[in-house]
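I have placed the structure first, in the form of structure tokens, so that the comments after it can refer back to it.
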Amino acid sequence: MSEIRPTSFDSPDGLLRGLNPEQHAAVTLPPGPALILAGAGSGKTRVLTTRIVWLIQTGQVAPGGVMAVTFTNKAAREMLTRLGAMLPLSLRQLWVGTFHGLCHRFLRLHWKTAGLPQTFQILDMQDQLSAVKRVLKAMNLSDEQFAPRKISSFIAGCKEEALRPGQLEIDSPHTRTLVDIYEAYEQQCQREGVVDFAELMLRTYEVLHAHPELRAHYQQRFAHVLVDEFQDTNRLQYAWLKLLAPPGTPQSVFVVGDDDQSIYGFRGARVGNMEDFTREYGVRDGETPQRLVRLEQNYRSAGHILECANALISNNTVRLGKTLRTDAGVGEPVRVMGAASDADEVRWLLEEVAALQRAGTALDQIAVLYRSNALSRGVESGLFNAGIAYRVYGGLRFFERAEIKHALAYLRLLENPHDSSSWLRVVNFPARGIGARTLEQLQDAAQNNGVSLYAAVSALPDNRSRDRLQGFIDLIDDLRQRASGLKLPEIIQRVVEGSGLQAAYEAEREGQERLENLGELVNAADAFERYEQRGAPVTPVAADGESGAPPEAAQGTLSSFLTHAALEAGDNQAQEGHSAVQLMTIHAAKGLEFDAVFLVGAEEGLFPHEQALADPDGLNEERRLMYVAITRARQRLSISHAQARMLHGQTRYNVPSRFLDELPEGAVKWLTPPRAATGASFWGRDSVGSAGWGGNRRAAAAAPVPNVWTESQASPTEPARQDAPPPASGTALRKGQGVFHTKFGEGRVLAIEGTQPQARVQVAFRRHGEKWLDQTLAKLQPI
DNA sequence: GCGTTTGGGGTACCT
DNA sequence: CCCCAAACGC
């Protein structure tokens with residue numbers, strides 16, 4: 001065992017100082033299995049990292065003997081950062097990463113045993129979808145009857161149950177076809193040397209399963225296996241864990257999770273794994289030492305917020321059970337706001353945000369959460385009009401942008417020309433006169449000969465089409481040759497130029513942004529290369545010095561970078577700097593915390609989402625989602641719902657979410673809209689019966705009600721836009737004229753170009769700066 | 001082969 | 001309402 005070098009902590013005592021008794025007990029558990037039930041905001045990550053440091057510092061394990069698994073790259077990075085600060089070690093020795101990242105690391109080491117080409121590539125979800133489409137085409141199946149998305153999730157679902165096509169039960173002709181598609185898809189992937197996300201896991205599992213000597217090696221090596229967010233593991237991940245560290249061995253399996261925060265059932269997460277773990281690893285209440293540790297001390301939220309969370313989640317019956325507590329005092333009650341319409345909800349939100357801002361709350365400490373992305377739009381436009389900075393999470397991420405995927409496709413072809421997904425993506429982009437007909441022929445040839453598209457070119461008749469395809473092959477070969485010996489950023493620069501991507505985007509009207517993104521890709525590669533040389537474990541290039549697992553491959557820098565791009569799609573917009581209100585789905589908010597949280601759209605049908613109710617555990621999972629939303633808030637939590645809401649182009653009349661009924665009266669303050677005191681009840685002059693807050697709200701659904709608030713007066717945060725007269729046709733604008741724009745608000749005309757009413761008009765907006773607008777499109781209203 | 005139009009569909013999106 | 005994908009026309 002390697003010696004333990006001195007660390008930044010004089011002694012374990014220093015390391016453990018500041019832990020509460022539960023945390024202390026968890027961190028210092030003697031070897032053996034353990035389940036840490038870590039409530040929201042209970043210091044879960046701290047316990048996990050401190051445990052690792054404690055194990056190493058006290059000489060119980062060498063750094064190489066630790067494996068720590070997380071779900072997201074973000075969590076893995078955070079753990080590494082903390083470990084890096086606490087341990088003066090090369091982090092490369094630690095096997096810390098995501099399930100998929102670690103499996104990938106394993107497969108790069110054991111590619112031969114796994115039956116993969118050394119240069120295998122990873123398919124992301126888009127790639128997988130296009131691969132499925134090709135399979136369907138080759139099998140002459142309509143993608144109406146077999147929706148590619150459905151097929152894709154069917155295949156992923158099978159793999160997560162460790163089921164190969166041969167092991168599936170065929171109970172109908174439809175299932176027969178599904179299984180045939182699955183089988184053809186697998187053959188295609190194998191042919192092309194690519195693996196999807198689920199395959200990384202399953203292939204690793206199968207290799208470990210089929211090779212006892214390899215399994216024994218890793219079991220011996222990893223004396224301590226730690227798993228974060230265990231409630232989100234699927235069947236296969238748990239089975240994988242049991243292979244690596246089976247129950248009844250001297251290995252320590254330390255899993256941390258919160259069954260109340262399991263919100264990924266829709267993609268295979270199995271809360272039941274937690275209960276199975278207690279049974280299979282023999283971890284139960286009332287033992288000494290206590291191997292089932294509950295972290296119930298919450299360091300995040302004020303008392304009333306926690307009361308709401310506890311009360312709500314107690315409605316879920318199948319739980320391991322725990323109750324959060326805090327020393328922070330009760331704080332403010334949770335506020336519930338019923339708005340007449342979605343527009344009113346946003347107006348109220350804007351006033352609240354403005355008030356918080358005046359009271360000194362930083363904007364980035366304010367979050368607006370919603371169940372589904374469709375709800376973000378109204379909030380966004382409201383904030384935009386009010387000139388309040390905001391940031392929306394979700395949406396396209398860096399490595400998912402079309403131009404980036406194109407560049408990566410060329411790079412992947414340099415590594416592995418058989419990668420047909422990449423081939424199809426760029427064979428005719430930029431255009432090279434290779435059309436659908438040619439590619440159809442090529443795909444037929446590939447199908448008939450059972451080879452990749454690249455390999456099928458030589459099987460085509462010698463004609464013009466083939467010449468063009470050959471030209472593409474020559475281009476790739478040429479790029480590959482010229483890339484040899486260059487550094488990564490230079491390779492990418494050359495490929496962007498040599499492939500014609502650069503020229504194509506230069507010619508495109510809106511190509512400027514794409515070119516900038518490609519420039520960013522070169523920068524990212526540069527940063528990646530330098531980071532890697534510093535020895536940070538971005539990439540799994542571990543040289544296994546130990547017997548039993550000889551290094552079968554060291555990954556090149558390009559290859560590592562491609563892996564990085566596939567496994568980590570990148571932030572959607574990492575622009576830090578000025579403070580902004582955070583907008584995101586509840587799913588995206590998991591693990592985050594904010595001083596003030598607004599949960600909008602708390603309505604039946606939206607939350608709980610109607611489509612979630614089909615699943616037997618659907619409502620419970622929705623409730624867990626609500627629990628996650630509530631526990632994001634530190635000091636103030638506001639929940640709102642609207643009676644009328646415009647969604648998907650039509651107005652829906654929703655009743656408040658049933659979850660609101662589950663909040664304890666004493667911890668909640670029901671707000672009425674500011675102007676409801678004008679005589680009419682908020683629900684509108686008895687038109688919906690006596691549906692007050694305590695009443696039979698749900699039964700009172702659907703009757704449209706006069707919009708008390710909107711009709712009274714426009715909110716001060718917004719100019720009276722609905723009430724402004726429509727632009728008189730033929731109204732001539734003049735320089736200096738004040739105008740109103742529905743999106744940019746008030747402004748003043750600076751210049752006019754062309755002849756009205758088809759002129760281009762330059763306007764200086766009060767909140768959004770100067771803009772050129774097309775008069776025919778932008779309905780500018782003179783003020 | 002390429003660009004525009006029409007029409008379908010819309011829970012959450014980690015790896 | 002808004003986005004993406006297939007279908008249509010040049």
Side-chain angles (χ1 to χ4, degrees), chain A residues 69-76 97-104 122-130 133 142-144 147-149 152-153 156 159-160 195-201 228-229 232-234 236-237 262-269 342 369-378 380-381 393-397 399-400 402 428-439 465 468 508-509 563-570 572 584-591 601 605-615 618 621-622 624-625 628-629 645-652:
Chain A
V69 200
T70 64
F71 265 86
T72 63
N73 289 300
K74 202 172 136 203
T98 63
F99 278 101
H100 295 87
L102 294 176
C103 285
H104 171 262
I122 302 166
L123 295 184
D124 66 17
M125 229 166 40
Q126 292 173 42
D127 298 330
Q128 198 190 342
L129 212 58
S130 82
K133 284 180 189 167
S142 76
D143 43 11
E144 282 156 34
R149 268 183 68 126
S152 213
S153 73
K159 290 187 179 181
E160 280 161 13
V195 294
D196 59 37
F197 285 131
E199 187 72 27
L200 288 170
M201 279 298 315
D228 192 13
E229 306 275 18
D232 284 336
T233 49
N234 60 36
L236 179 57
Q237 284 158 338
S262 171
I263 55 173
Y264 284 110
F266 68 93
R267 62 172 199 228
D342 47 353
L369 308 184
Y370 31 81
R371 174 65 179 86
S372 60
N373 275 315
L375 291 194
S376 77
R377 195 155 296 131
E380 269 183 80
S381 63
Y393 286 73
L396 260 201
R397 294 183 301 170
F399 286 114
E400 288 167 357
N428 198 37
F429 191 91
R432 305 189 168 85
I434 300 170
R437 266 185 75 86
T438 305
L439 288 176
S465 303
R468 287 179 170 155
E508 218 174 77
R509 286 181 305 281
T563 299
H564 170 71
L567 287 179
E568 189 163 355
N572 54 333
M584 64 191 86
T585 62
I586 303 168
H587 282 92
K590 184 156 172 243
L606 290 178
F607 193 21
H609 199 282
E610 51 204 351
Q611 297 200 43
L613 301 178
D615 187 78
E621 180 148 327
E622 294 291 298
R624 292 192 288 266
L625 199 51
V628 169
R645 183 180 296 279
M646 183 77 155
L647 204 64
H648 302 322
Q650 53 184 343
T651 305
R652 296 174 38 158

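First the proteins, then the strands, lettered A, B, ... as listed; each starts at 1.
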With heavy atoms under 4.0 Å as the rule, sort [X] into base, sugar-phosphate or nothing.
X	value
A/M125	base
A/N73	sugar-phosphate
A/R624	nothing
A/D232	nothing
A/F71	sugar-phosphate

[atom1] of [X] versus [atom2] of [N]: gap in Å, rounded?
X	N	atom1	atom2	result
A/R149	B/dG8	CZ	P	18 Å
A/L129	B/dT15	CG	C1'	16 Å
A/R377	C/dC2	CZ	P	6 Å
A/E400	C/dC4	CD	P	12 Å
A/K74	B/dT15	NZ	C1'	15 Å
A/Q237	B/dC14	CD	C1'	10 Å
A/L606	B/dA12	CG	P	11 Å
A/L123	B/dC13	CG	P	22 Å

(message) So is the aromatic ring of A/Y264 stacked onto the base of B/dA12, judging by whether the centres are under 5.5 Å apart and the planes are under 30° apart?
(response)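 A stacking contact does not exist, since A/Y264 is not both close and nearly parallel to the base ring of B/dA12.
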
(message) Would you say the base of B/dT15 stacks on A/H100 (centre-to-centre below 5.5 Å, plane angle below 30°)?
(response)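 No, A/H100 does not stack on the base of B/dT15.
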
Would you say [X] places a side-chain N or O within less than 4.0 Å of OP1 or OP2 belonging to [N]?
X	N	result
A/N234	B/dT15	no
A/R432	B/dG1	no
A/T585	B/dC13	yes
A/R652	B/dG10	no
A/N373	C/dC3	no

Of all the choices, [options], which nucleotide is nearest to the side chain of [X] once you look at every atom?
X	options	value
A/R397	B/dC14, B/dG1, B/dT11	B/dC14
A/T98	B/dT15, B/dA12, B/dG1	B/dT15
A/L567	B/dT11, B/dT15, C/dC2	B/dT15
A/T72	B/dC14, B/dA12, B/dC2	B/dC14
A/A431	B/dT11, B/dT15, B/dC2	B/dC2
A/A588	B/dA12, B/dT15, B/dC13	B/dC13

(message) Using atom C1' in both nucleotides, what's the gap between B/dA12 and C/dA5 to the nearest angstrom?
(response)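 These two C1' atoms come out 23 Å apart once rounded.
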
Output yes when a side-chain donor or acceptor of [X] lies under 3.5 Å from a complementary backbone atom of [Y], and no otherwise.
X	Y	answer
A/E621	A/G265	yes
A/D232	A/A269	no
A/D127	A/D124	yes
A/R371	A/H609	no
A/D196	A/A156	no
A/R624	A/S262	yes

(message) Are A/F266 and A/H587 an aromatic pair, judged by ring center distance below 6.0 Å?
(response)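 Between A/F266 and A/H587, which both carry aromatic rings, the centre distance is below 6.0 Å.
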
(request) Assess whether one donor atom and one acceptor atom, taken from the side chain of A/R267 and the base of B/dC13, lie less than 3.5 Å apart. (result)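 No such pair is found, so the answer is no.
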
(request) Return the 5'-most residue of the pair A/R468, A/I586 with respect to DNA chain B, ranking by each residue's nearest nucleotide. (result)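 Result of the comparison: A/R468.
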
